Amino acid sequence: MSKYSFEFKLKLVKEYMEGETGGYKAVAKKYDVINYGLIRYWVNDYEKYGEDGLKRKSTKTFYSGEFKVHVLQYRQYHNCSYREAANHFGISNQATIANWQRKYLDEGFEGLNKSIGRPSTMSKNKKEKDTLNLTKSEKEELIELREENEFLRASLAYEKKLKALIHEREQKTRKKRK
């Protein structure tokens, strides 16, 4: 459960937006909120979604790996901040996108597709038995899909390396300018 109630958040957001108290820090100090960044998040959510943006979400949202890559590509193409990308795609927490970015840079597409939680308890033997009962056309399709998967992994690895080289080159040019 959230530490702050919906009514409390709404009160602080409205007070900030009226501008009488001052900035985020002044409102946070007045109401004894330790992290003034929370108020900034609340104001952003209120501006984007109205009062519904301040209500606590009761379910956790799961995103596919393809969606995560799409968000990261959108952010890179439009050169926008995590907050702007989160607002565009309706993601409540901008830090989620920052985590995706870090995982993508560290582990590639595979890092974005990792399942959260406990690993499956199904043994490898059971999985192998399930694949043995395929028809000939299904086996051929499986082989094609595996080859396509290898190609996509290779292209993503290439893209990751290219981005790293571009980033490194940008860093060097920035240092030279200073």
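In this chain, numbering begins with 1 at the start of the sequence shown. Remember, predicted model here, so these are calculated numbers, not experimental data.
Partners of His78 according to the side chain to side chain donor-acceptor pair (under 3.5 Å) rule, which considers only residues two or more places apart in sequence or in another chain, do not exist here. Partners of Glu110 by side chain to side chain donor-acceptor pair (under 3.5 Å), not counting sequence neighbours, listed by chain and number: Arg153. Residues forming a side chain to side chain donor-acceptor pair (under 3.5 Å) with Glu140 (at least two apart in sequence, or on another chain): none. With sequence neighbours left out, Arg102 forms a salt bridge (charged side-chain N to carboxylate O under 4.0 Å, His left out) with no residue at all.
The salt bridge (charged side-chain N to carboxylate O under 4.0 Å, His left out) pairs that include a residue from residues 155-165 are Glu159-Lys163, where partners are two or more places apart or lie in different chains.
Geometric assessment of Lys25 against the ring of Tyr36 yields a positive cation-pi assignment under the 6.0 Å and 45° thresholds.
A parallel orientation is assigned to the rings of His88 and Tyr74, their planes being inclined by less than 30° (bins at 30° and 60°). Ring-plane geometry between Phe89 and His70 is classed as perpendicular, the angle between the planes exceeding 60 degrees on a 0 to 90 degree scale with a lower cut at 30.
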Kindly indicate, with the supporting measurements, whether the criterion salt bridge (Lys or Arg N to Asp or Glu O under 4.0 Å) is fulfilled by Glu168 and Lys172. CA-CA 6 Å; Glu168 184 179 316; Lys172 287 180 181 178; 3.5 Å; yes

Let me see the working for Tyr63 and Val71 under side-chain contact (heavy atoms from CB on, under 4.5 Å), right down to the final yes or no. CA-CA 11 Å; Tyr63 302 101; Val71 171; over 6 Å; no

With a 3.5 Å cut-off and sequence neighbours excluded, list the donor-acceptor pairs that the side chains of residues 94-101 form with protein atoms.
residue, atom, partner, partner atom, Å
Gln94, OE1, Arg83, NE, 3.3
Gln94, NE2, Tyr41, OH, 3.4
Thr96, OG1, Asn93, O, 3.2
Asn99, ND2, Ala95, O, 3.4

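Salt bridge annotation for Arg146-Glu150: absent, with no cationic side-chain nitrogen under 4.0 angstrom from a carboxylate oxygen.
Atom-to-atom distance recorded for Asn44:CG and Glu84:CD is 10.0 Å, nearest 0.5 angstrom. Atom-to-atom distance recorded for Glu107:CD and Asn113:CG is 11.0 Å, nearest 0.5 angstrom. Interatomic distance, OH of Tyr82 versus CG of Asn87, reported as 15.0 Å (0.5 Å rounding). With rounding to the nearest 0.5 angstrom, the OH atom of Tyr16 is 14.0 Å from the CH2 atom of Trp42.
Formation of a donor-acceptor pair under 3.5 Å by the Arg75 side chain with backbone atoms of Ala85 is not found in this model. A donor-acceptor contact shorter than 3.5 Å links the side chain of Lys68 to the backbone of Leu112.
Residues Val69 and Leu105 do not share a hydrophobic cluster, clusters being chains of Ile/Leu/Val/Met/Phe/Trp/Tyr side chains in contact below 4.5 Å. Under the 4.5 Å side-chain heavy-atom criterion for ILVMFWY residues, a single connected hydrophobic cluster contains both Val33 and Tyr46. Linking Ile, Leu, Val, Met, Phe, Trp and Tyr whenever their side-chain heavy atoms come within less than 4.5 Å puts Ile39 and Phe6 in one cluster. In the hydrophobic clustering of this structure, Leu38 does not group with Ile91; members are Ile, Leu, Val, Met, Phe, Trp, Tyr whose side-chain heavy atoms approach within less than 4.5 Å, directly or through other members. Hydrophobic clustering (ILVMFWY, side-chain heavy atoms < 4.5 Å, transitive): Leu72 and Phe67 are in one cluster.
Dense packing is recorded around CG of Leu162, with more than 12 heavy atoms of other residues, nucleotides or ligands lying under 6.0 Å away. The environment of CG in Asn79 is sparse: at most 12 heavy-atom neighbours from other residues, nucleotides or ligands sit within 6.0 Å.
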